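To start, the structure under review is shown below, and the notes come after it.
Within every chain, numbering begins at 1; the chains are lettered A, B, ... in the order of the sequence lines, protein sequences first and strands thereafter. Only a predicted model underlies this, so the values are computations on that prediction, with no experimental measurement involved.
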Amino acid sequence: MEFRSIYGTGDILPEDSFKWQHIEEKVKKIMAFYNYKEIRTPIFESTQLFSRSIGEDTDIVRKEMYTFLDQGKRSLTLRPEATASVVRAYLEHNLGKVFPFVKLYYIGPMFRQERPQKGRLRQFHQFGAEAIGSLDPLVDAELIELSTRIHHDLGIEDYTLHLNSIGCKKCRSAHRDLFIKFIKDRFENFCSECQLRLNRNPLRIFDCKKEGCVKILAFAPKMIDFLCEECRTHFEKVKSYLKKLGIEYKEDPSLVRGLDYYTKTVYELKSSLLGAQDTLCGGGRYDLLIEELGGEQTPAMGFSAGMERILLVLELKKKKFGEDERLDFFICPLGQGAKEKALKLIKDIRKKNLRSDMDYLNRSLKSQMKEANRQKAKKVLIIGEEELKKGVIILKDMESGEQKDVGMNEFLNEISAYEE
RNA sequence: GUGGGUGUAGCUCAGUUGGUUAGAGCACCAGGUUGUGGCCCUGGUGGUCGCGGGUUCAAGUCCCGUCAUCCACCCCA
């Protein structure tokens with residue numbers, strides 16, 4: 001085959017597209033309950049927007065972005081995530097000046113050039129929400145609750161909420177020095193990967209799953225013990241609010257997220273049903289990002305969820321997405337005259353907002369009936385030469401198999417009853 | 001970027017120690033009704049066995065290369 005979809009991308013075919021629509025509709029509905037408004041931003045932005053917000057030293061920026069020069073030699077990048085774009089739009093349109101607190105959600109494709117595997121594609125889809133303008137831990141709790149609500153309503157309950165606080169600038173530097181010293185003192189005992197990570201992104205060492213490293217890390221200074229007064233009370237508040245909301249969580253001091261802009265609260269929803277890529281949803285606070293991108297100091301919090309992963313879980317659970325709606329009528333014309341009659345008739349039926357289709361291949365009646373059956377038509381209309389002469393059509397009920405002749409006007413009056 | 005697995009019909013897969021026209025189920029088409037679907041029966045369409053090279057009298061099968069794809073590492077949604 002000469003052309004195929006690019007590695008790590010895929011087509012969503014009709015047999016699956018209704019599942020996507022189902023998820024999208026649920027997300028839109030629930031976001032509305034929480035008064036989040038949709039924002040749609042371009043799928044490409046200036047490269048710098050991402051490198052500055054996500055962080056020059058993150059894996060995403062260092063090796064995963066789809067970056068290209070346009071005809072004007074500007075460096076552009078396909079968005080690897082949406083928060084940077086949302087914040088850019090927030091600043092560009094001065095949304096903060098109009099509303100002191102802004103709640104936005106988005107839904108759409110993201111792009112990262114990683115090696116594809118289960119639950120990981122190069123073009124993938126996320127929905128997410130951003131709440132900009134409040135430092136109140138209430139916002140953290142509400143947003144976490146919102147993300148669990150959506151998963152819950154989609155039929156996903158087998159997940160664990162991992163919760164941590166990675167503090168602010170102040171507490172982080174205090175922890176960082178001691179943590180690096182701790183690792184250096186035991187440098188030889190760590191695996192080669194962790195040794196490399198020490199210089200690049202020391203906190204990532206917490207992600208290592210090798211037994212040796214994990215054992216040592218159990219005694220390493222944890223971020224959570226270095227939180228400043230403000231960050232600690234913030235975290236305590238978040239936890240108490242979650243308890244009030246009846247949301248179970250697992251404190252996970254090893255949870256560190258891959259984007260540099262996070263501060264204080266970070267969390268992930270992980271599903272044991274997935275493979276190595278088990279994070280359904282992740283998010284946190286980013287109180288410094290807006291300032292970093294040229295705005296005033298503005299606290300914010302957000303999350304994003306991976307739609308392919310949600311679909312994977314639902315498929316594993318054999319979740320039903322509701323039946324694809326059935327066809328109301330299938331029209332079987334026999335001969336040229338009948339075909340012309342059918343063309344006009346099907347327009348009138350559709351005008352009554354009923355789903356209908358007809359034969360386009362001049363097939364035999366038997367084949368047309370087969371097609372009607374395949375399309376799960378509730379009723380079939382047969383127009384042959386005899387009917388044409390008599391000025392009637394045959395109306396057949398596909399469930400009962402019963403059929404009768406009806407006059408054209410009589411039929412049109414009858415289907416009016418189906419409207420709405 | 002690294003490692004491992006897998007490439008045979010539209011889909012899911014058989015194919016013996018290398019052996020002659022490469023199979024099944026599903027799907028599709030036609031017939032079993034002259035103008036009537038589902039179930040059943042009969043028949044049919046459909047494959048350069050991923051691609052290239054090599055070994056051999058003989059390769060879907062063995063070897064090498066290459067491409068694609070999946071999983072894992074990494075990282076994340």
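- In this view, A:Asp158 and A:Lys317 satisfy the salt bridge (charged side-chain N to carboxylate O under 4.0 Å, His left out) rule, not counting sequence neighbours.
- In RNA chain B, runs of at least 3 consecutive Watson-Crick or G-U pairs, each pair with both distances below 3.5 Å, span B:1-7 with B:67-73, B:10-13 with B:23-26, B:28-32 with B:40-44, B:50-54 with B:62-66.
- Contact between the side-chain N/O atoms of A:Lys366 and the OP1/OP2 oxygens of B:rG37 is found at a separation under 4.0 Å.
- Residues meeting the side-chain hydrogen bond (donor to acceptor under 3.5 Å, both in side chains) test with A:Lys404, sequence neighbours left out: none.
- Proximity of residues 117-129 of chain A to RNA chain B (heavy atom under 4.0 angstrom from any strand atom) is restricted to A:Gln117, A:Lys118, A:Gly119, A:Arg120, A:Leu121, A:Phe124, A:Gln126.
- Residues passing the salt bridge (charged side-chain N to carboxylate O under 4.0 Å, His left out) test with A:Lys19 are A:Asp16, A:Glu315, sequence neighbours excluded.
- Applying the side-chain hydrogen bond (donor to acceptor under 3.5 Å, both in side chains) test to A:Asn362 and every residue at least two apart in sequence or in another chain returns A:Lys339.
- Rounded to whole Å, the separation between the C1' atoms of B:rU61 and B:rG25 comes to 23 Å.
- Residues passing the salt bridge (charged side-chain N to carboxylate O under 4.0 Å, His left out) test with A:Glu308, sequence neighbours excluded: none.
- In the set B:rC74, B:rA72, B:rG37, the nucleotide with an atom closest to the side chain of A:Met369 is B:rG37.
- Taking the C1' atom of each, B:rU56 and B:rC64 are spaced 16 Å apart, rounded to whole Å.
- Contact check on A:Arg120 versus A:Glu114 returns a salt bridge, with a Lys/Arg side-chain nitrogen under 4.0 Å from an Asp/Glu carboxylate oxygen.
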Mind listing the side-chain donor-acceptor pairs of residues 82-89 of chain A below 3.5 Å, one per line with the distance, residues two or more places apart or on another chain?
| residue | atom | partner | partner atom | Å |
| --- | --- | --- | --- | --- |
| A:Thr83 | OG1 | A:Glu81 | OE1 | 3.4 |
| A:Thr83 | OG1 | A:Glu130 | OE2 | 2.8 |
| A:Thr83 | OG1 | A:Tyr261 | OH | 3.4 |
| A:Ser85 | OG | A:Glu45 | OE2 | 3.1 |
| A:Arg88 | NE | A:Glu92 | OE1 | 3.1 |
| A:Arg88 | NH1 | A:Glu45 | OE1 | 2.9 |
| A:Arg88 | NH1 | A:Glu45 | OE2 | 2.4 |
| A:Arg88 | NH2 | A:Glu92 | OE1 | 3.3 |

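- For A:Lys378, the side-chain hydrogen bond (donor to acceptor under 3.5 Å, both in side chains) partners at least two apart in sequence or on another chain are A:Asp328.
- Not counting sequence neighbours, A:Glu387 has no partner by the side-chain hydrogen bond (donor to acceptor under 3.5 Å, both in side chains) test.
- When the salt bridge (charged side-chain N to carboxylate O under 4.0 Å, His left out) test is applied to A:Glu248, no partner is found at least two apart in sequence or on another chain.
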Kindly give the atom pairs (protein nitrogen or oxygen, nucleotide nitrogen or oxygen) under 3.5 Å for nucleotides 38-43 of chain B.
| residue | atom | partner | partner atom | Å |
| --- | --- | --- | --- | --- |
| B:rG38 | O4' | A:Asn373 | ND2 | 2.9 |

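- Across the C1' atoms, B:rA9 and B:rC57 are found 31 Å apart, a figure rounded to whole Å.
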